[in-house]
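Heads up: the structure comes next, in structure tokens.
Below, chain A is the first sequence line, B the second, and so on; all start at residue 1. Predicted, not measured: the structure shown is a model, and the values here were computed from it.
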Number of protein chains: 2
Amino acid sequence: MGRTLCKLAKNSLSESLSLPLVAGEFVFYTEFTVKKEEGVFSMADKIMEQALEILRHQRYYDSIQGLMGWDLWEGLSKKGQPYRGEVSGYFTRQALAELKSPETRKVVDALKERKPEDFEDIYLKGAAHELCQRYDRAVQVPEDLQVEVRNYTGQAQMVWRDALDKNSFEFYKPTIKGLFELKKRVAEAIDPNRPAFDVLCGTVDEGIDTQRVQQLFAGLKKGIVEIMEQIAPQHEKIDTGVLETPYTHQQRRDAAFEINLLTGFDPDCAHDSQVLHGMCTGVGPRDSRIAISYKGVWGGIFTMLHEGGHARYGYSSNDRAVECGLWGGLSGAMHEGQARFYENIIGKSPEFWRLAYPVAVKHFPYLKDVPMEKFYMAQMKVQPSLHRITADELTYSLHPIIRFEMEKDCFDGKTSTDDFEEIWREKYKETFGLVPKDAREGVLQDIHWASGHIGYFQSYTLGNLYGGQMLHAMKKVLPNFDELVEKGEFAPINQWLYDNVHQFGRAMTPTEVLLHATGEELTETYFLDYLRDKYLNKLRNI
Amino acid sequence: MGRTLCKLAKNSLSESLSLPLVAGEFVFYTEFTVKKEEGVFSMADKIMEQALEILRHQRYYDSIQGLMGWDLWEGLSKKGQPYRGEVSGYFTRQALAELKSPETRKVVDALKERKPEDFEDIYLKGAAHELCQRYDRAVQVPEDLQVEVRNYTGQAQMVWRDALDKNSFEFYKPTIKGLFELKKRVAEAIDPNRPAFDVLCGTVDEGIDTQRVQQLFAGLKKGIVEIMEQIAPQHEKIDTGVLETPYTHQQRRDAAFEINLLTGFDPDCAHDSQVLHGMCTGVGPRDSRIAISYKGVWGGIFTMLHEGGHARYGYSSNDRAVECGLWGGLSGAMHEGQARFYENIIGKSPEFWRLAYPVAVKHFPYLKDVPMEKFYMAQMKVQPSLHRITADELTYSLHPIIRFEMEKDCFDGKTSTDDFEEIWREKYKETFGLVPKDAREGVLQDIHWASGHIGYFQSYTLGNLYGGQMLHAMKKVLPNFDELVEKGEFAPINQWLYDNVHQFGRAMTPTEVLLHATGEELTETYFLDYLRDKYLNKLRNI
């Protein structure tokens, strides 16, 4: 005879301030306080105070949109979707209305006249930057164009699905052409004076220079291919049969959860879900949601570590960053870097598996007859392939590079989307010596372009470079890094990431954070060093 | 290697209109359209159009608060709560700001001058009523008083928990006195010219007349006690041992879910959760969430049917009710009536168990050696008790009556909260012949008063009366009701409830709906008839 929230949710609003939650027969009071928005200044800086208030409000809107996005997977039932569209649309417009208001404009104009040294600290400087950037984007891209993009990408994804069904790039051709043209118009609306592709990539990775990225990627590709050639004979021989076992969902989930906890992950900040796809969404400063993609029996472990890395970065902004509306971490490569650090650099190291293997054995008792080394090497097997998502750690980076190069050449006017199928085939042949047998195995494999994510792929591979560079810097103060991992002493590792990256949230740009954390600008050297040490040294001696 | 939402959630707002969701490596487009808010009129009625727009906006706020409330159980982690309080508080204030704005006031003033016959249909009349009522509540109760209530009830619940720990009503005395005084002030703020208790009950059950309720309850009590006396010898002999079995959570959940589906429940409108408490929350017009309290092995079945009834009422408002902002159903007794109809009138009938028993046997194979009748009678055993939540169907109604009588006498000035422990003991002795051995077993058993739910209990028992009266009316057109249930032909039953109650949402008042559906004002007669037929007739012949 459980009672319900229904009757309460329908009380008048004057009651809703004290709305308790009826759970079964028990009514729990939420004990939330409505925090007064006080200024965080000692000095009287009215403009900055207003800026922080506006930005905090924008983040509240981010939070409910984040929650609605998460709920789309976690709770929203099919027939609830159309109304949800109305709700989400209403709050998008409300947020934009506040952002584009004359009051915000006044604040933004005043902030733009300040010099960097006019700000009391990096957080106020960061908040001013964040607000101005949000404001600019809101006013730069006309609402008509936004609507056009939304409608076009909505349609394009359906065409993409049909093209997949038909296994036909031909069918997709006019649409992908339209997508690239439309995004070019968006880029020109944001900044007509910079190359469109740089502008688009810049909405994901702020301050990116795509020419420099191209150089980095060229060096990286060369290095990876060299490693691949050297290890091919060893890896061809690796037998992965040891990974095959019957399993239950509970078993693989519990193993993944427990192994992730070994890294000092704080489950009090991050709800983990058991829906069947991997994602992380930041709903608030101490509120990350991770959902795990359980591909086969073992995939969940690495997804949990990956999403756990995102979650950790998402929930570790310091209090000052939170009060300045800068929680959640930087988008793009920096976020990806944190995720891949835990997934790969830690989670795919032999040291970590010496630590974690007993947990795996506990959940999969058949492993007690399997030497850790055999299990580990089977997990690590390198194999050139046609498919990005399922690629191993070493070859993975090359897949996004192919897409990035295709996008850049196209925006640079060297190629046309019409030729993408053929270009794709050539690039896979050149990189991996493999040719997709059809469009489905090739150019149609990612939904990103259809959903408007053009200028996005580089962040996957850049994330690896960030990870390698952070590892290098970290090892200067933690030369016993490998030993710490093997012993499960993650506190100093997590603390380093917190001190140097996580705590700042969005206060600095990616370039500033990297420079602050590692003392250098981005290079491919350290990630390649890491790969060489791993594949040419460590894994050869196992 | 799942990708994440994090990086997307941090895109600029101008991007967020077309924000896709990255799930694993797949980006699904949500395909939401931002519905233009067009008027729903043929005639030019600017005021009404504005009213609908304001009301729809208020419902959007209801939706996100509902989602946040649901998420509190489903996803929000511990450390995410303080920020959630900020977010929730911000949107509460935003909703109130629009509701209390001069623009709304102008619309409300204009609507108040209209006569009932000035409205085109019941939905526009209902929308006008709903908006005026929300507006009035928002302006009637001063924000200071709202804050005082919120803070006091927050505190009071902690005192209540301590009092439970200490098993001491003495400890709770000053607090419960304060609670009743505070709620009296709220009632006076809403309407100084009506008895405070009527005003408070009226915020739950609109238009309630507590004197009339007292009469209904007196008649009901007398009738139930008579039945109890007559069936005591039979029920004392019922052996419930047959209900004892080992079980897994999955087993009981699957049985409950499948049995609920037998009643024609639409899972596409209602997400069911496996958290461990029973509740239903309406997040949108086609979006109800139910969570099930799994008390022991069998409780989940009845909770699922109960919450399913709430959900069904919540998601079955017709399109006109939705577009007029009137989705979700009426609060209080009417909602409870729908829940208890499915839980008890259907779910605890022998006909239903003839239908559902094979499903129970499928999930609990030991039952194949147990005759349905034996299982059913064990579930139905009537036993006077001291505890409301665990009471059987027959005696349940008496428990809320006791609390209602205590509240009413106190507000009428006949008693003081100081004497509540003693009054409680007397009333339980008089009603059930049982005396609680301590405060915990007695006056401290419900959290409702501490959370400010004073004037709330009547809706539980009134819900039973609504159910009985609906059954009576339904049987006039569906005389083969029992047979339909036994055959699992729920379409005509569900259709009757839809046609006569559910579809209207909040367009009419409870009194109007009941009159429309049953042709009569509320009476205890039909529910008593139902109980007599069940306990003195049907159950005697099993």
Is any side-chain N of the basic residue among B/R289 and A/D71 closer than 4.0 Å to the acidic one's carboxylate O? yes
By side chain to side chain donor-acceptor pair (under 3.5 Å) - contacts of A/D136 (at least two apart): A/K112
Which region of A/M68, side chain (C-beta onward) or backbone (N, CA, C, O), has a non-hydrogen atom less than 4.5 Å from a non-hydrogen atom of chain B, or is it both or neither? both
What residues, two or more places apart in sequence or in another chain, satisfy side chain to side chain donor-acceptor pair (under 3.5 Å) together with B/K100? B/E143
Whatever's closer than 4.5 Å to a heavy atom in chain A on B/Q140 counts as neither
Of all the heavy-atom pairs spanning B/C269 and A/S77, show the shortest one and how long it is. C-OG, 3.2 Å
Look at the aromatic rings of B/H57 and A/Y90 and report parallel, tilted or perpendicular, splitting at 30° and 60°. tilted
Could you state the interatomic distance from CZ (A/F91) to CZ (B/F91), rounded to the nearest 0.5 Å? 6.0 Å
For A/Q338, is it the side chain, the backbone, both, or neither that has a heavy atom closer than 4.5 Å to a heavy atom of chain B? neither
Under a 4.5 Å heavy-atom cut-off, does chain B meet the side chain of A/A333, its backbone, both or neither? neither
Which of the residues A/K78, A/R286, A/M334, A/Q94 is involved in the greatest number of heavy-atom pairs with chain B at under 4.5 angstrom? A/R286
Nearest 0.5 Å please: distance from the CZ atom of A/R84 over to the OH atom of B/Y60. 12.5 Å
Got a second to check how far B/Y61's OH is from A/I64's CD1, nearest 0.5 Å? 8.0 Å
In terms of heavy-atom contacts, B/S63 and A/Y83 come closest through OG-CE2, 3.3 Å
Determine whether B/V87 and A/R59 make a side-chain contact, defined as any pair of heavy atoms from C-beta on separated by less than 4.5 Å. no
